[in-house]
Amino acid sequence: MESKKGHSKPGEFKPIDLLACAAAREVKDGEIVFAGTGLPMLAIMVAQHTQAPTAVCIYESGSIDGRPIDLPTSVADARCSYQAAVGDGLTDVFGQLQSGKVDLAYLGGAEVDLYGNVNCTFMGGPTGKRLTGSGGNSDIHSLAKRSVLIMPQFGQKRRFVERVSYITSPGWKIPHWPDKEWVPKQEVYGSAFNGGPAAVISDMGVYRFDAKGEMYLDTVHPGFTPEECRENCSFDLNNF
Amino acid sequence: MESKKGHSKPGEFKPIDLLACAAAREVKDGEIVFAGTGLPMLAIMVAQHTQAPTAVCIYESGSIDGRPIDLPTSVADARCSYQAAVGDGLTDVFGQLQSGKVDLAYLGGAEVDLYGNVNCTFMGGPTGKRLTGSGGNSDIHSLAKRSVLIMPQFGQKRRFVERVSYITSPGWKIPHWPDKEWVPKQEVYGSAFNGGPAAVISDMGVYRFDAKGEMYLDTVHPGFTPEECRENCSFDLNNF
Amino acid sequence: MARPKIVSLTEAVGQIKDGDMLTFGGFTVWRRPMAAIYELIRQKKRNLHLVEVNGGTHDDMLVGAGCVGIWESSWCGHELYGKFGSNLARKIEKGEILYEDWAHIHILNRLTAGSKGLPFLPTYSAMGCDMLNPENDNLGKAGLRDGSNPHIGKLKYAMYQEPFTNSEIVLVPAANPDWCITHVQMVGAEGTVRVDGLKFSDQEVIKASKHNIIIAEQVVPEEYLRREPTRNMIGGYLVDYIVEQPWGAHPTGLYGVHEPDGEFISNFFKATRTQEGFDQWAEEWIFGVKDFQEYLSKLGITRLESLKANPALGYSSTMKRGSR
Amino acid sequence: MARPKIVSLTEAVGQIKDGDMLTFGGFTVWRRPMAAIYELIRQKKRNLHLVEVNGGTHDDMLVGAGCVGIWESSWCGHELYGKFGSNLARKIEKGEILYEDWAHIHILNRLTAGSKGLPFLPTYSAMGCDMLNPENDNLGKAGLRDGSNPHIGKLKYAMYQEPFTNSEIVLVPAANPDWCITHVQMVGAEGTVRVDGLKFSDQEVIKASKHNIIIAEQVVPEEYLRREPTRNMIGGYLVDYIVEQPWGAHPTGLYGVHEPDGEFISNFFKATRTQEGFDQWAEEWIFGVKDFQEYLSKLGITRLESLKANPALGYSSTMKRGSR
């Protein structure tokens, strides 16, 4: 599978390119998009240069609707703020997020589960391997109308699990504290419910969520089969 | 009493000049002062030009530590912001006020009572004559460490009353809602108690508050007698 | 979401319906969207629900013209140019308008909560004061807290014994106006908003509102404003309509552009001590002119020029306090 | 209140006591007060309680050096230059540090509440997530919510059924650090602070803190900053100590001045996968130099110049993502 790594030549594409393009397609023109660092940032920039030229990108550092001419290294990079409409701070953008103004959020994560819960804090729970922690991942998943998770999958089966070992960000079914009962997100968020995970886009395919809030394989990228997708998933992808 | 009105000639002073100077004396150097429009604004500017050159003046419009070279017409006047340290907005300055950063507040009012409660909403209560309403008067009196009220008194006895007809801003004794019991301000504000009225400065004298939170005549301006002060007050100024 | 439309004042104000909840950018007699106020009156809007961090000449004018059903704010006056809002005062005294009084932080918090999607915000301000006297819950007394009006909650406020320090604190409910109208110095052609000078509570009231009309002295190329994103307040995606209207804040002041027209406001205050006085004034200055441009012509270039700010100071160097 | 003192870095950092609660201006690997971080390590501070909107290279360094007793934040990593904070990760995995995880809004709200004198602020963020799992109240489990530490409240958070819309909402308690250290582009001689570029959460963390140290690229005449008050963040009355230290944010980035030193951070990340690795790294870059000026000399002018921002862009036009 070495040919699936590295940079593509003109006229060719690699799974990572497909991943970015598939992710970019989730954006509708004019939408307000909240993007995280890395591949999400690339995807929204692809979208703005293709079918969604008036999509507005908000970064959690406080930069709003930048028109970068160079690829930023992180959400606080000055490259994000080039020709931005507003450059303020966290109180501004998280307030807008919470007030329901964000149509779509693009995020990454270390682990995702059947319900779209995301883990980027501990692999294996609080006694396991420590990662960065939430940053805005949790806030954005909690409060955006739709969220799209971009995840590498090929050869990384442990990233697609039945239950994440630590819930950093909420999917469609979550525990209600303190009683720990697992209930639909709507029940926990009540009037503050804006939506939830719309898709998980991997280097192998695009996954969506059914009416029960459970993940299914929607489309398979060229070069992969549904069986390969199933093999690279730790839970039983039985809905396709 | 015509000579007590109008502008003073050099070497002379009128009661209104005395009022501004007496008020200015309340400021200690380096203090953070929150000032309202009109005479309070004049008093803090006098203080900054005399004994309190490093006093910092905050206006509720969002202007911080201006160094005006012309007298402003209101707290939002560009004259307030000339050579200001910061020009932001209400969220900033009211947040600083609530966090206990304001040492001294200078305000006016239409009516003041025995406990230093201030009325600038209705003369005669909600069925009486309508005035401007609180603006920041209430917030500033509620949350500053010390507040100084600047009030005309001579010939305006109805401004100094036993109980204000509408409590716009809290003095030392206030009702506890919803049970309406009158209790010391400390009891209502609890851990948020920062202080209360330190002085009422009129064109006739300076009034302060005793341990029970009741107003007494502290000093009489030149040209007036304690009896005249008493005559221009609707309640029994029995503490002097 | 579509980009904002650049429209006429008549068209923008025409979107506002009787009964809508409105708020405005600015502070007392500074940077108020007066051109829109005149147009609201000309279009005879009725039963508006104003929820304002503070009021001023503009809302007293709307009240005088009979446009307002409910007034909620912390203050109404004309600063140095008139002791109080005489139309509002008269209607309150006669029981001709519903109103709720708030402390400045209360009403700021209500709109800030609205801007952040929160149901309430807490404050220690004005505890023990008559704005929080249960007897002064005027909308409640009028039977309007029954859920029939989406802009009127079931509680004016709530006291809360919070669990962290066991202090009693005031919770005030969010407000989300249907419309916010804001006058600013500059807006980009795609709607990026720049405010020069103090920001007051514009950011909060704009974000709290479902729809926004931005009236600007000048519409400028987007690219110009985007050279300095940190000086801008709001992205165009929050703006519904843009109107270009120079002098549109007159008679209130506009930082760096012009002073308030103190004489004009003072005359308004004096004229409006009676309803008849207001009606005559409105006949001359609102209904007697076709539109805001004719109003400006009536004021005349000499008067307007005399208000102009000195760019080095941000205010007029020839106009002194109290002088006319 | 006295005007701020302009002092040496050694003197300013010398005011901070073991056990103090600290926070910092900046965001992840941008505008962090690194010169002060090195000095805190050199002065061997112990048992610090970090409460940060987000962490980065700076706090992972303090953790590696054994300065930190309690870490509370939403994130720790090095952005593109290192997948996570390896010192923090190692100490968490080994149970050698106390920590509380928060969502970004939670911890922002904690400091914002602190900045406004409020006991708490509400948010809907991260309900149903493991940061709010009662089993993950680590300070509580360690018996530290008994009132003995003024910086640790009796509750990590509270759920509240609010009375306005009957929604369940998360209340997070205020945080008021003893110190905030912020690196900025410019400070006036009397302490007025100007930040160029994004403000992140600096305003909130500075105002929440009892004492402030401002480290600036340049100390400039007050009058210069006061020409444009709307571009400034903080008045000098909130500042205790001013330190002038050019390049004081290295290896993190400073808008309009220099890029993050990605190679430096990346090497730090790689070196610090073990405690021995950290110790060797610290020996070379912290204890092996007398002070920050010697550190800059060791880095050398060529390396520093290569990081410089292009004034038209605010970033380096020669440095591309992923390139070194």
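Protein chains get the first letters and strands the later ones, always in sequence-line order, with residue 1 at the start of each.
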Interchain contact, [X] with chain A, by part (heavy-atom threshold 4.5 Å):
X         : value
Asp101(D) : side chain
Leu132(D) : both
Thr123(D) : both
Ile92(D)  : side chain

I want to check something: taking the side chain as every heavy atom from C-beta on, are [X] and [Y] in contact at a cut-off of under 4.5 Å?
X         : Y         : value
Tyr99(D)  : Arg130(A) : yes
Asn136(D) : Tyr166(A) : yes
Met131(D) : Ser134(A) : yes

- Please indicate whether Lys308(D) has more than 12 foreign heavy atoms, meaning atoms of other residues, nucleotides or ligands, lying under 6.0 Å from its NZ. no
- Determine yes or no for a side-chain-to-main-chain donor-acceptor pair under 3.5 angstrom, with Gln98(A) supplying the side chain and Tyr124(D) the backbone. yes
- Message: So does Cys129(D) get a backbone contact from the side chain of Trp177(A), meaning a donor-acceptor N/O pair under 3.5 Å?
- Response: yes
- Message: Show, in sequence, the C-alpha distance, side-chain angles and deciding distance for His104(D) and Phe94(A), and conclude whether the side-chain contact (heavy atoms from CB on, under 4.5 Å) test is met.
- Response: CA-CA 9 Å; His104(D) 226 153; Phe94(A) 280 127; 3.6 Å; yes
Which atom pair, heavy atoms only, marks the closest approach of [X] to [Y]?
X         : Y         : result
Phe27(D)  : Ala76(A)  : CD2-CB, 3.6 Å
Tyr189(A) : Met127(D) : OH-O, 2.7 Å
Trp30(D)  : Ser74(A)  : NE1-OG, 2.9 Å
Val188(A) : Gly128(D) : CG1-N, 4.3 Å

- Query: Quick one: do the Tyr315(D) and Asp77(A) side chains pair a donor with an acceptor below 3.5 Å?
  - Reply: no
- So which of Gly314(D), Gly26(D), Cys76(D) has the largest heavy-atom pair count under 4.5 angstrom toward chain A? Cys76(D)
- Note on the structure: Heaviest contributor of heavy-atom pairs below 4.5 Å to chain A, chosen from Ser167(D), Gly77(D), Ala126(D), is Ala126(D)
- chain D contact via Thr121(A) - side chain, backbone, both or neither, heavy atoms under 4.5 Å: side chain
- Relative to chain D, which segment of Lys129(A) carries a heavy atom at a distance below 4.5 Å: side chain, backbone, both, or neither? both
- Item | Partner chain D: residue of Gly125(A), Pro170(A), Gly95(A) with the largest heavy-atom pair count (under 4.5 Å) | Pro170(A)
- Output the option from Gly62(A), Pro175(A), Gly190(A) having the highest count of non-hydrogen pairs under 4.5 Å with chain D. Pro175(A)
- Name all residues meeting the salt bridge (Lys or Arg N to Asp or Glu O under 4.0 Å) criterion together with Arg145(D); count only those two or more places apart in sequence or in a different chain, and write none if there are none. Glu100(D), Asp137(D)
- Task: Kindly compute the distance separating CG (Leu97(A)) from CD1 (Ile105(D)), expressed to the nearest 0.5 Å.
- Result: 5.5 Å
- Between the CZ atom in Phe84(D) and the OG1 atom in Thr132(A), the distance rounded to the nearest 0.5 Å is 9.5 Å
- Query: Step by step, would you call Tyr81(D) with Thr73(A) a side-chain contact (heavy atoms from CB on, under 4.5 Å)?
  - Reply: CA-CA 9 Å; Tyr81(D) 313 113; Thr73(A) 59; 3.7 Å; yes
- Message: Within residues 139-148 of chain A, which residues come under 4.5 Å of chain D, heavy atom to heavy atom?
- Response: Asp139(A), Ser142(A), Leu143(A)
- Mind checking which of residues 80-93 of chain A sit less than 4.5 Å from chain D, heavy atom to heavy atom? Ser81(A), Tyr82(A), Gly87(A), Asp88(A), Gly89(A), Leu90(A), Thr91(A)
- For chain A, find its close neighbours in residues 195-203 of chain D: heavy-atom separation under 4.5 Å, sorted by number, or none. Leu198(D), Lys199(D), Phe200(D), Ser201(D)
- Item | Steps toward side-chain contact (heavy atoms from CB on, under 4.5 Å) verdict (Leu313(D), Ile69(A)) | CA-CA 10 Å; Leu313(D) 299 166; Ile69(A) 52 174; 4.1 Å; yes
- Can you check side-chain contact (heavy atoms from CB on, under 4.5 Å) on Glu135(D) and Lys180(A), steps first, answer last? CA-CA 11 Å; Glu135(D) 289 172 17; Lys180(A) 300 188 190 180; 2.3 Å; yes
